[in-house]
Amino acid sequence: MAAATTVTGLVAAGVLSGAGTAVADETSQTQGGATATINGLKTYGDAVIHEDGGDQRVSAGLFEMSVDGGGTLQTYSVDLHNPTQRDAGYQETPWSGTSLGTNKDAGRIHWILQHSYPQFNDLVALARQAGTSGLTEQAAAAGTQVAVWRYSDGAEVDAVDPQAEKLADYLEKSARSVAEPQASLTLDPPAVSGRPGDLLGPVTVHTNASAVTVSPSADAATSGVRIIDKTGKVITSAKDGSRLFFDIPEGAADGTAQLTVQASTTVPVGRAFASDSRSQTQILAGSSESTVSATVTAGWAAEGAIPAVSARKDCAKSGVDITAANKGDEPFAFRLMGAEHTIPAGASRTVAVPLQEDQAYDFTITGPHGFSHRFTGVLDCKTQGAITAQTAQLRNEPSPATVGGATVDTTDLAATGGSAITPMIAGVAIGLVVIGGAVLVVLRRKETGPGE
């Protein structure tokens, strides 16, 4: 099933000249920040979604994530009709790489998060502002999620708890647009290239942390590569706005190296979190002190094309932007989506790769001197679909109950939603059942023998 899903949306890329033989480095389409694993809903109440097919009851509230390296995040969903996947990995992502990038109300969602639970955790004062008689944590979380869904998905949704519903109405009516928050940690650009004897960079640090540690990879030390600032001083720590350089020794053999910067900080409220497993997109509502990191790749060669390549999801263009820079003395040529592209010596160019919604992609760009970068992921830019009982059953969770002719989902939000691959999953499951039945019949005949 996984193979079928990937192949149907596969995008491949190769090179036209100078193909390397190195194993491709898998490259993320994000430039840093927090990575985390979703643990599920932790504080929630009930909500009812009104759709043409009838009313459906779902859980609404705060998710919890465990940050890689340490820390905890609290998030709300901004992708109502798509299910969460158990233990899915998430990456801090710019709004432009999610449905928020094309949502004119994304700034209002950010305002809601800043002015409600858990950021505003004085529930007595929050209830007073919303005109309610009182709020529990569960009602506050449910009301906040309902207000978010009204802007993130354009959903017609109400909280079951009357106090939570009053909070949702208050937040929806009061919301004002607030700008996208700064990333917790990024490096710009995420890839550089040049010649031995040159300074490769600058690479600028962007972070809300007070300081970051600077750690070159082992291959950098082996090659004699130093990480320095603009004065030539070797540095092991940096801060927001610091400019870093790879100092490549004169006469160094052609090669590559990586630099990782890491910090401990609170991730800004309003940052988006996306998963390449097609799990429900989230938006940050709260953060403990958490580990964040970012990586930059450097490549150098004495002659020929010297490419530096990075990728970023762009939901406004419904695709992935591939940025290629060439610091060499020969053109860098490659093929992508059936088209040939050439980056002249000393030039940089961005190539837009159009994709269909929910399309999986997996392509590798290779070049001279063993250069090879692989980019994988799934384009998830829209909130769409309909909530179905089938999804809950396929995920081995409790079957939904039916009340008054309408489907009522009593599981958590991970069981809500239907994605574009749901019909295919159902078809594959039915096919496997049929095949299994046929195998059992054959085995039965072998055991009993003819005429028995």
Side-chain angles (χ1 to χ4, degrees), residues 2 5-16 24-33 35 78-79 82 88-103 106 180 183 186-193 271-281 294-297 299 307-326 332-343 347-367 371-384 419-421:
T5 303
T6 302
V7 170
T8 55
L10 192 65
V11 179
V15 292
L16 298 177
D25 295 325
E26 188 164 336
T27 305
S28 170
Q29 278 68 252
T30 58
Q31 275 66 58
T35 58
V78 288
D79 193 3
N82 190 39
Y90 280 78
Q91 171 70 51
E92 184 180 342
T93 304
W95 285 2
S96 59
T98 71
S99 60
L100 296 170
T102 55
N103 185 342
E180 178 178 4
T186 60
L187 295 174
D188 183 35
V192 294
S193 62
R271 291 296 291 171
F273 278 78
S275 172
D276 279 341
S277 65
R278 193 63 178 87
S279 190
Q280 191 176 69
T281 304
T295 300
V296 60
T297 301
V309 179
S310 60
R312 182 188 294 268
K313 290 180 185 178
D314 188 341
C315 286
K317 298 178 182 177
S318 297
V320 175
D321 287 338
I322 304 294
T323 299
N326 179 16
F332 171 55
F334 61 96
R335 182 182 295 274
L336 189 61
M337 290 289 288
E340 299 179 4
H341 303 278
T342 300
I343 313 299
S348 177
R349 183 174 299 169
T350 297
V351 177
V353 181
L355 299 170
Q356 298 295 319
E357 178 68 8
D358 298 330
Q359 183 175 359
Y361 57 90
D362 184 350
F363 51 84
T364 299
I365 297 178
T366 61
F371 173 86
S372 184
H373 278 296
R374 180 185 180 192
F375 302 95
T376 63
V378 176
L379 189 72
D380 181 10
C381 290
K382 298 179 181 179
T383 56
Q384 58 186 6
S419 73
I421 66 171

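Along the sequence shown, residues carry numbers from 1.
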task: Taking all heavy atoms of Ala272 and all of Leu100, pick out the closest pair and write down the distance.
output: CB-CD1, 4.0 Å
- line: Heavy-atom nearest pair, Thr342 first then Ala333, reads OG1-CB, 4.0 Å
message: Pairing donors with acceptors under 3.5 angstrom, does anything connect the side chains of Ser277 and Ser275?
response: yes
- prompt: If you round to the nearest 0.5 Å, how far is NZ of Lys313 from CG of Asp380?
  reply: 7.0 Å
- request: Taking all heavy atoms of Ala324 and all of Val309, pick out the closest pair and write down the distance.
  value: CB-CG2, 4.1 Å
message: Under a 3.5 Å distance rule, please check whether Glu180 uses its side chain to pair with a backbone N or O of Trp95 as donor and acceptor.
response: yes
query: Any side-chain donor-acceptor pair under 3.5 Å between Tyr90 and Ser279?
result: yes
field: Short side-chain to backbone donor-acceptor contact, Gln91 and Gly32, under 3.5 Å
entry: yes
query: Which heavy-atom pair separates Asn82 from Gln280 by the least distance, and what is that distance?
result: O-NE2, 2.8 Å
statement: Heavy-atom closest pair (Ala183 atom, Thr186 atom, distance to 0.1 Å) is CB-CG2, 3.6 Å
- prompt: Can a salt bridge be assigned to the pair Arg335 and Glu340 using a cut-off of 4.0 Å between side-chain N and carboxylate O?
  reply: yes
task: For side chain to side chain donor-acceptor pair (under 3.5 Å), just list the numbers for Thr281 and Thr98, CA-CA rounded to whole Å, side-chain angles, deciding distance to a tenth of an Å, and then say yes or no.
output: CA-CA 8 Å; Thr281 304; Thr98 71; over 6 Å; no
query: Got a second to check how far Ser193's OG is from Phe332's CZ, nearest 0.5 Å?
result: 10.0 Å
Contact check, side chains of Thr323 and Arg349, non-hydrogen atoms, under 4.5 Å: no
- prompt: To the nearest 0.5 Å, what is the distance between CZ (Arg271) and CD (Glu92)?
  reply: 4.5 Å
query: With no hydrogens and no angle check, do the side chains of Thr383 and Ser99 hold a donor and an acceptor under 3.5 Å apart?
result: no
Nearest-0.5 Å distance that lies between atom CD1 in Ile322 and atom NE2 in His341: 9.5 Å
field: Val320 to Ala311 - nearest heavy-atom pair and separation
entry: CG1-CB, 4.0 Å
statement: One should read off an interatomic distance between Cys381 SG and Asp314 CG, to the nearest 0.5 angstrom, of 8.0 Å
query: Would you call Lys317 and Val353 a side-chain contact if the rule is heavy atoms closer than 4.5 Å?
result: no
message: Between Arg312 and Pro190, is there a side-chain heavy-atom distance shorter than 4.5 Å?
response: no
- prompt: Between Val351 and Phe334, does a side chain to side chain contact (heavy atoms under 4.5 Å, CB included) hold up when you go through it step by step?
  reply: CA-CA 11 Å; Val351 177; Phe334 61 96; 4.2 Å; yes
- prompt: Less than 4.5 Å apart, any side-chain heavy atom of Asp79 and any of Arg278?
  reply: yes
task: Kindly indicate, with the supporting measurements, whether the criterion side chain to side chain contact (heavy atoms under 4.5 Å, CB included) is fulfilled by Leu336 and Phe363.
output: CA-CA 8 Å; Leu336 189 61; Phe363 51 84; 4.1 Å; yes
field: Nearest-0.5 Å distance that lies between atom CG in Leu379 and atom OG in Ser318
entry: 6.5 Å
message: Quick one, Thr93 and Phe273 - any side-chain contact, counting heavy atoms below 4.5 Å?
response: no
